[in-house]
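This report refers to the structure that appears directly beneath it.
Protein chains get the first letters and strands the later ones, always in sequence-line order, with residue 1 at the start of each. Given the structure is predicted, the values throughout are model-derived calculations rather than measurements. For the numbers below, each heavy atom of this structure counts, side chains included, while hydrogens, waters and symmetry mates do not.
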Amino acid sequence: MASRFNPLKADAHWQKVWEEGGTFRAADESGRPKSYILEMFPYPSGRIHVGHGRNYVMGDVLARHKRMQGFEVLHPMGWDAFGMPAENAAIERKVHPGEWTRANIATMREQLKLLGLALDWSREFATCDPSYYGHEQALFVDLFEAGLVYRKESEVNWDPVDMTVLANEQVIDGRGWRSGAPVERRKLSQWFLKITDFAEELLEGLAGLDQWPEKVRLMQENWIGKSRGMRFRFGISGPKPGMESFEVFTTRPDTIFGSSFAALSPDHPIALAIAKADPEAAAFIAECKRGGTTAAELETAEKLGFDTGLKVVHPLDPDWLLPVYIANFVLMDYGTGAIFGVPGHDQRDFEFAGKYGLPIRRVVAASDEDANKPVEGEAEPGEGVLVNSRFLDGMDVEAAKAAVIARAEAEGWGEGTTVWRLRDWGVSRQRYWGTPIPIVHCGGCGAVPLPKDQLPVVLPEDIDFETPGNPLDRHPTWKHVACPRCGGEAVRETDTLDTFVDSSWYFIRFASQPADRPFDKATAERWLPVDQYIGGVEHAILHLLYARFWTRALQHIGMLDMAEPFQGLFTQGMVTHRTYQDAGGNWLLPEEADEAKAAGRTVTPGRIEKMSKSKKNVIPPEPIVAQYGADALRWFLLSDSPPERDLQWTDAGIEGAWRFVQRLWRLASADEAGEGEHAGEDRALDRKLHQTIAAMGANIEALAFNKAVANIYELANAIEKAPASASRRVAVETMLRLVAPMAPHVAEEAWAATGRNGLIADAPWPEADPALLIEDEVTIAIQVNGKLRDTETAPKGAPKEDLEAMALSNEAVQRILAGAAPKKVIVVPDRLVNVVA
RNA sequence: GCCCCUGUGGCGGAAUUGGUAGACGCGCUCGACUCAAAAUCGAGUUCCGCAAGGAGUGCCCGUUCGAGUCGGGCCAGGGGCACCA
């Protein structure tokens, strides 16, 4: 056995052995229990760095561990390959988005392979393959036919120079990022998926996701945003603007007697009707639309209103008329687009009332005595008892809400209702590099979904990015087709699907990929749900919610018999690295920083930040693997930081990992060399070994890889200190199996070099012997008044009286007691004795 | 503004139901080996103190025989949502 482990040779060798042996191929049919381990598939942006690696290595440890435990493991990899960066590259570098994407995939695949991941590469696909997106189109058609897809007008950010729709992040200070032209809001007819049909289910389903981080469930809950309240009609008194009444929504029906105005959104149909006849109103509405929508602007934005002159009748008092305003803070797409204003108990209404001199009435107070105290300074949105509210007086807020709803329902002017913050999912993108929406627009038949035998609708290759606008729309022939229904002249939908659609079902396609349909139900159900899903917390809301919705939608149409796709979810931390900047604020590579320093120029060590190309602080895997080997890289990515927190990349860290890989090798070598006798028991080492087996298993299951690493270090320390024995030999062999999921190359190499048969990847995971988990001696803490004074050893399970006697005869205890009798003695068996003086 | 999370040595971080705070790693110090270095091995490493001892888990208060852990009130850092009625 060589004296040093040579990763350069070993990594490539074992990777080849695994690949050629199909070691990590997942068999659909096997008698073993299944385990589906998945990391969020990458977007092929160019090259991976070690930050991506951390994510995949974590999943890899789980996959290898499960495999050794006898599970049939599905651990696939693919590419989330549609998206804007490819189009940007096409425009900037004049390469086809597909070409750019496929080149990136090839690079990144090779980079990933350097890590020695236990992946089933036979299931690899990219979402830009027609053999993937064609099935997605079929699913879209199915959802369309089930009534879960519809079209409506929706506003987009429009760049008038580039003639293109911009995503929110492409709008910088109200201007298009590329053209610099002021962005306009334009209404386009777009496709939506009815995620709101599932709002209640998606919310309730969260409760069952007990293997998800609490934080993510909370974020989704807030995003879905369920509010209970009441909807009711305001009748318009006097001249009508074409309508007799309008509806408002409130979560505080209890404050109905505190109302002093009603307000409409600038987009409300009545507001628009008024604007037609009234230029002043029209000007006000235009003014509202001009304002920015950034957080900072909204925070400082003044509450503005326009008095329409209309009056509405208070539903509980026909003689009570309220003025109707158009107000800039009322949103059209939440509730009903109209509100009733209660200045005393809502901050926005309070500000509005102050500005327009409207009455501020108190209807909730801390107690009856405060009924006539004015509401001052700010609104009081909290709890209390109802005052100045006729039949509600004296009730608490909840009772009053119920009473008002009951009355409204009895009298027929309103009803209790629930509204959601969640909006339907707009999936139309006016872009080339995405899944074409499989719809044809026919003058006679309207929007017609394509029959499945006309799928896939394949993206044309001969496209032109020189002219502004959507290349699909401008393609000379692509969009012209015969209507599938009437055969007449028709045009294709030229919008493509949001890339979140692509990632909403890829995990199903990994599990089952027949050529003629999206997936086979039975095969997919054999693998699903994903047992452990790993990815960044930035996907906590959108991707995970959309995938949950998509799965439920497939269940709804009978294609899949399950509601939740991801049983366990883990959100891992990022890998961070120091940044450097020169005097001009330009980011420098670490080596550039060294050069600049040597040349006497100013270099500012910047913050430690997430690895990103623009900050020039990425660490690619190649040089690390070349210098230290895949296992050292894997080991470092797993040690030190808890996996959910950020990990700082340091040279010292990777070197430490490298040293440990070598140490493992030395331990295995020493064992093989047969230094001394391989005979005799070492009970202490046996116990340490079995405690480590138990702890490691629990820690890997809990994804506490940093603790599992610590377990291994402790065991290695114990083995090094132990004299040769049969126990020691077993401990070394077992340790190799325990590290195999984390450092598989050195484990295989040592396994083979010490004459063991087969692959360690196929070896069974060790089992802890319960009898060896128990110590026969324990250390008892001797405390006086809760303060540690001494420790003593005692046999495990020693009776309380013995421990008490031992403590009382302890020198330190006697010195402190100084002859006085203790007030009390508390004995915790096998742990401590606390003498209360 | 609302909701949530985190705070432990020089650093990353460990600590079952409240029960010996600082496991393990990094770094550092001293020593062995070496002509020397690297590698490796050994000892030490929360702070103050020669020691005995004392203090100590962001701060203050409380519950308890006993609090990093539980309760109340602050402070700091981070995250999510945000004119959502």
Sugar-phosphate only, base, or nothing, as touched by A:Thr650 at under 4.0 Å among non-hydrogen atoms: nothing

Atom pair distance, as rounded to whole Å: CH2 in A:Trp658 and C1' in B:rA38: 13 Å

Atom pairs under 3.5 Å, N or O on each side, protein against nucleotides 61-67 of chain B: can you list them with distances?
residue	atom	partner	partner atom	Å
B:rC65	O2'	A:Asn834	ND2	3.3
B:rC65	O2	A:Asn834	ND2	2.5

Aromatic ring proximity, centroids under 6.0 angstrom, A:Tyr356 and A:Tyr325: yes

Cationic tip of A:Arg421 above A:Trp223 ring, under 6.0 Å, 45° of axis: yes

Distance-only criterion, 3.5 Å: show the donor-acceptor pairs between side-chain atoms of residues 787-806 of chain A and protein atoms not counting sequence neighbours.
residue	atom	partner	partner atom	Å
A:Asp790	OD2	A:Asn810	ND2	3.0
A:Glu792	OE2	A:Asn810	ND2	2.7

Phosphate OP1/OP2 of B:rA39 contacted by A:Arg4 side-chain N/O (<4.0 Å): no

Glycosidic class, syn or anti, of B:rG9 using a 90° window around 0: syn

Indicate every side-chain donor-acceptor pair of residues 340-350 of chain A with a distance under 3.5 Å to a residue at least two apart or in another chain.
residue	atom	partner	partner atom	Å
A:His345	ND1	A:Glu380	O	2.8
A:His345	NE2	A:Val363	N	3.0
A:His345	NE2	A:Val364	N	3.2
A:Asp346	OD1	A:Arg348	N	3.0
A:Asp346	OD1	A:Arg348	NE	3.3
A:Asp346	OD1	A:Asp349	N	3.1
A:Asp346	OD2	A:Arg348	NH2	2.7
A:Gln347	OE1	A:Ala379	N	2.9
A:Gln347	NE2	A:Glu351	OE2	3.4
A:Asp349	OD2	A:Val342	N	2.8

N or O in side chain of A:Arg645 less than 4.0 angstrom from B:rG13 OP1/OP2: yes

Point-to-point distance, once rounded to the nearest 0.5 Å, from CE of A:Met735 to CG of A:Leu664: 5.0 Å

Spacing of A:Trp420 atom CH2 relative to B:rC81 atom C1', expressed in whole Å: 17 Å

Partners meeting side chain to side chain donor-acceptor pair (under 3.5 Å) with A:Thr251 (sequence neighbours left out): none

Atom pair distance, as rounded to whole Å: CG in A:Leu637 and P in B:rG12: 18 Å

Sugar-phosphate, base or nothing in reach of A:Arg217, heavy atoms under 4.0 Å: nothing

Presence of A:Arg789 side-chain N/O under 4.0 Å of B:rU20 phosphate oxygens OP1/OP2: no

Under 3.5 Å, sequence neighbours excluded: what are the donor-acceptor pairs made by side chains of residues 704-723 of chain A?
residue	atom	partner	partner atom	Å
A:Asn711	OD1	A:Asn699	ND2	2.8
A:Tyr713	OH	A:Trp635	NE1	3.2
A:Glu714	OE1	A:Lys688	NZ	2.9
A:Asn717	OD1	A:Arg663	NH2	2.5
A:Asn717	ND2	A:Tyr713	O	3.4
A:Glu720	OE1	A:Arg663	NE	3.4
A:Glu720	OE1	A:Arg663	NH2	3.0
A:Glu720	OE2	A:Arg663	NE	2.9

For A:Pro253, all residues meeting side chain to side chain contact (heavy atoms under 4.5 Å, CB included), sequence neighbours excluded: A:Met230, A:Thr250, A:Lys401, A:Val404, A:Ile405

Nucleotide pairing, RNA chain B (Watson-Crick or G-U, distances under 3.5 Å), in dot-bracket with [ ] and |: (((((((..(((......[....)))((((((.......))))))(((....)))..(((((..]....))))))))))))....

Sugar-phosphate only, base, or nothing, as touched by A:Leu218 at under 4.0 Å among non-hydrogen atoms: sugar-phosphate

Touch class at under 4.0 angstrom, heavy-atom based, for A:Ser639 against every strand present: nothing

Earlier contact from the 5' end, RNA chain B, for A:Thr779 and A:Asn699: A:Asn699

Residues that A:Glu644 engages under side chain to side chain donor-acceptor pair (under 3.5 Å), provided they are two or more places apart: none

Protein N or O to nucleotides 27-30 of chain B N or O, pairs below 3.5 Å:
residue	atom	partner	partner atom	Å
B:rG27	OP2	A:Arg659	NH2	3.3

RNA chain B contacts made by residues 701-719 of chain A, counting heavy atoms under 4.0 Å: A:Asn706, A:Lys707, A:Ala710, A:Tyr713, A:Glu714, A:Asn717

Side chain to side chain donor-acceptor pair (under 3.5 Å) partners of A:Gln783, counting only residues at least two apart: none

Euclidean distance for C1', B:rA67 against B:rC28 (whole angstrom): 33 Å

Modelled atom types, side-chain donor and acceptor of A:Gln572 and A:Arg645, under 3.5 Å: no

Residue pairs fulfilling side-chain hydrogen bond (donor to acceptor under 3.5 Å, both in side chains) with at least one residue in residues 826-836 of chain A, sequence neighbours excluded: none

is_close_aromatic(A:Phe261, A:Phe352), centroid dist under 6.0 Å: yes

Parallel, tilted or perpendicular: rings of A:Trp649 and A:Phe636 (30°, 60°): perpendicular

Sugar-phosphate, base or nothing in reach of A:Arg231, heavy atoms under 4.0 Å: nothing

